[in-house]
Amino acid sequence: MSIEEILKLKKEKNAVILAHYYVSDEVQEIADYIGDSYYLSKKAKELEENVIVFCGVSFMGESAKILNPQKKVLMPDRNADCAMAHMVDIENIKRIRQEYEDVAVVCYINSTAKIKAHADVCVTSANAVKIVQRLSNKNIFFIPDGNLGRYVAEQVPQKNVILNSGYCPIHHALTLEEVLKAKKKYPNAQFVVHPECVKELLDEADYIGSTSGIISYVKKSVCKEFIVGTEEGVLYELKKQNPDKKFYVINEQQICQDMKSITLDKIYDVLKNETNQVEIDEGLRQAALKPLDKMLELAK
Ligand code: 13P
Ligand code: SF4
């Protein structure tokens, strides 16, 4: 299988390839659109093509299908999943709703459709602060990511943010000790970090933001070296946009294996056979669509 064969098949099938910044370099190279979770969900709604090949994890394909029920959404690897997307107990959401009269359940897009169906609004790391600020509710139950929730709470102190204990195993595992070591090794480098990391890391940061936030910050910065506190796939775009700048990872384990399980062979296979289509029960889709639509509205 060659890249030309994928591109030929893509044309024949009137398909488009979307990819998250965390997938491997070779997949990003053939994608039509690459972006963060917010960009990809917005983009999915604007596409004319009938078939979307979503190079990312399952919650991303699910969101694309929820927003575009008439399209075929194909996942190159059906097992590519985000561990954090499951880290909420639905009973807990119901309990919080009973306990607090004026509460908004704010759900990070890194969540299953079943969880989204219990939320008032979705957010991504690129728009979470803005959306929480815009809500009229005093109480916010932020699910599933406790790290992003705590960061949002700090940025919006006028709200009472109730935290959940979910986390991204990759971002959560990065330690302060490793960051301090990297800073010592690269004294001229700035530290840019994703808000899925723990507070001790965010406190050391020169910039905190989503993958696309990090990319635009680095592009504008006069600094020439950066220690990158997120999944290493983002280095592909960082290097492409900034050939004169240097990038360092904190350790060698900043790798989301689920994102990396997307390969060119699997993309070719799903395109050829139209397998691994995302299918969602219509009742569930309608329920999960509401918070996603509200996100797209409030993030404008
Ligand atoms: P963003 O795409 O919002 O930066 O989030 C990173 C992530 O972990 C996606 O799974
Ligand atoms: Fe989920 Fe973390 Fe992988 Fe993102 S990097 S998909 S949050 S496990």
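All ligand and atom numbering here is 1-based and tracks the order in the structure.
Of the candidates H172, E196, H171, N147 forms a side chain to side chain donor-acceptor pair (under 3.5 Å) with just one, namely H172. Of the candidates I215, D36, V218, V234 forms a side chain to side chain contact (heavy atoms under 4.5 Å, CB included) with just one, namely I215. Only one option out of V105, V123, I162, N164 pairs with F142 in a side chain to side chain contact (heavy atoms under 4.5 Å, CB included); it is V123.
Residue H194 has at least one heavy-atom neighbour below 4.0 Å for each of these atoms of ligand 1: 1 (P), 4 (O), 5 (O), 6 (C). Atom numbering of ligand 1 starts at 1 in the shown order; those under 4.0 Å from a heavy atom of T211 are 1 (P), 2 (O), 4 (O). For ligand 1, the atoms lying closer than 4.0 Å to a non-hydrogen atom of S125 are 1 (P), 3 (O), 4 (O), 5 (O). Each of the atoms 4 (O) of ligand 1 lies under 4.0 Å from some heavy atom of S210. Every atom of ligand 1 with a heavy atom of Y108 under 4.0 Å away is listed here by number and element: 5 (O).
Looking from atom 7 (C) of ligand 1 to the surrounding protein, the closest heavy atom is Y22 CE1, 3.4 Å. Scanning the protein for heavy atoms near atom 8 (O) of ligand 1, the closest one is E196 OE2, 3.0 Å. Protein heavy atom at the shortest distance from atom 10 (O) of ligand 1 is N110 ND2, 3.2 Å.
Counting non-hydrogen atoms of other residues, nucleotides and ligands closer than 6.0 Å to CD of E177 gives a total of 12 or fewer. Within a 6.0 Å radius of NZ in K260, other residues, nucleotides and ligands contribute more than 12 heavy atoms. Within a 6.0 Å sphere centred on NZ of K183, heavy atoms belonging to other residues, nucleotides or ligands number more than 12. Surrounding CD of E252 are at most 12 heavy atoms belonging to other residues, nucleotides or ligands under 6.0 Å away.
One N or O on the side chain of Q254 and one on the backbone of T230 form a donor-acceptor pair closer than 3.5 Å. A side-chain donor-acceptor contact under 3.5 Å links K65 to the backbone of K71.
For the pair Y38 and ligand 1, the shortest N or O to N or O distance does not fall below 3.5 Å. Between S37 and ligand 1, at least one pair of N/O atoms sits closer than 3.5 Å. Geometrically, ligand 1 and T124 share no nitrogen or oxygen pair separated by less than 3.5 Å. Taking only nitrogen or oxygen atoms, main chain and side chain alike, D36 does not reach within less than 3.5 Å of ligand 1. The distance criterion of under 3.5 Å between nitrogen or oxygen atoms is not met by H171 with respect to ligand 1.
Neighbouring protein atoms of atom 3 (Fe) of ligand 2 (N, O or S, distance under 2.8 Å, waters ignored): C256 SG.
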Worked check of salt bridge (Lys or Arg N to Asp or Glu O under 4.0 Å) between E5 and K8
CA-CA 5 Å; E5 283 175 284; K8 187 168 164 262; over 6 Å; no
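Neither the backbone nor the side chain of Y21 has any atom closer than 4.0 Å to an atom of ligand 1 (non-hydrogen atoms only).
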